[in-house]
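To start, I am sharing the structure in question, which I have written as structure tokens.
Residues: numbered from 1 along the sequence shown. Atom set for the values below is all heavy atoms of this structure, side chains included, hydrogens, waters and symmetry mates excluded.
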Amino acid sequence: MYWPKLELALKEFILTYQHQTVLSDALLVKKTKMIADGLDIPQDALQFFLGWLHKFKDRNRIHQQKLDRKASSADEAACQCFT
């Protein structure tokens, strides 16, 4: 199933934090689950796996870029900031 509000919220999160921290795939999946909870999307209705994430990133032309090593420590903090 396709959840446009979920994908839009995740894309907004990425656009907000992409230049501030490293957004790993694990972080993006975790954030997607948090967003889904906020949208009252049942966890069992979603399938979070790397194939889905790669397709999402391809659809939205999102590519991982290398940042300063200090930024990687902010990974978890970034996830909590956009709740």
Side-chain angles (χ1 to χ4, degrees):
M1 180 159 239
Y2 178 65
W3 304 93
K5 288 182 181 181
L6 176 73
E7 290 206 7
L8 179 61
L10 181 61
K11 186 175 180 180
E12 288 177 3
F13 171 76
I14 292 168
L15 291 174
T16 300
Y17 291 100
Q18 67 184 346
H19 298 295
Q20 299 174 28
T21 188
V22 175
L23 299 173
S24 67
D25 288 352
L27 175 79
L28 294 178
V29 169
K30 182 176 180 179
K31 188 63 191 178
T32 302
K33 289 179 181 181
M34 293 171 68
I35 294 168
D37 286 342
L39 295 173
D40 294 324
I41 298 172
Q43 290 293 313
D44 60 344
L46 301 170
Q47 292 183 359
F48 295 105
F49 51 89
L50 291 181
W52 169 84
L53 183 59
H54 291 300
K55 289 176 187 175
F56 167 81
K57 290 163 70 174
D58 286 345
R59 280 193 303 276
N60 292 283
R61 296 185 178 119
I62 295 169
H63 306 284
Q64 188 169 358
Q65 297 177 0
K66 296 192 182 232
L67 297 176
D68 186 333
R69 290 178 194 234
K70 292 178 186 176
S72 65
S73 65
D75 231 22
E76 286 297 317
C79 191
Q80 297 301 320
C81 287
F82 194 75
T83 57

### Message
Could you report the tightest heavy-atom contact between Lys11 and Asn60, atom names first, then the distance?
### Response
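The answer is CD-OD1, 3.3 Å.
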#### Entry: Closest heavy-atom pair and its distance - Gln20, Thr16
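Looking at all heavy atoms of both residues, the shortest contact is NE2-O, 3.2 Å.
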### Interatomic distance, Asp40 atom CG to Lys5 atom NZ [nearest 0.5 angstrom]
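Going from CG on Asp40 over to NZ on Lys5, the span is 10.5 Å.
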#### Entry: Any residue meeting salt bridge (Lys or Arg N to Asp or Glu O under 4.0 Å) with Arg59, in chain and number order, not counting sequence neighbours
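Salt bridge (Lys or Arg N to Asp or Glu O under 4.0 Å) list for Arg59, sorted by chain: Glu7.
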### Query
Shortest non-hydrogen contact from Val29 to Leu53?
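Closest heavy-atom pair between Val29 and Leu53: CG2-CD2, 4.1 Å.
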### Query
Quick one: CH2 on Trp3 to CD1 on Ile41, what's the gap to the nearest 0.5 Å?
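It is 5.0 Å, given to the nearest 0.5 Å.
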### Query
For the atom pair NZ (Lys57) and CG (Leu23), what is the distance rounded to the nearest 0.5 Å?
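The NZ atom of Lys57 sits 9.0 Å away from the CG atom of Leu23.
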### Task
Before giving the answer on side-chain contact (heavy atoms from CB on, under 4.5 Å), spell out for Leu28 and Phe13 the whole-Å C-alpha distance, their side-chain angles and the decisive distance to 0.1 Å.
CA-CA 9 Å; Leu28 294 178; Phe13 171 76; 4.1 Å; yes
### Query
Could you give the distance from NZ (Lys31) to OH (Tyr17), rounded to the nearest 0.5 Å?
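Atom-to-atom, Lys31:NZ and Tyr17:OH are 7.5 Å apart.
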### Query
Nearest heavy-atom pair of Ala36 and Leu6: which atoms, and what distance?
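Scanning both residues completely, I find the closest heavy atoms to be N-CD1, 3.6 Å.
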### Query
If you round to the nearest 0.5 Å, how far is CD1 of Ile14 from NE2 of His19?
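Nearest 0.5 Å value for the NE2-CD1 distance: 11.5 Å.
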### Query
Going only through I, L, V, M, F, W and Y residues with side-chain contacts under 4.5 Å, is there a path from Leu39 to Phe56?
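Per the 4.5 Å side-chain linkage, Leu39 and Phe56 are co-clustered.
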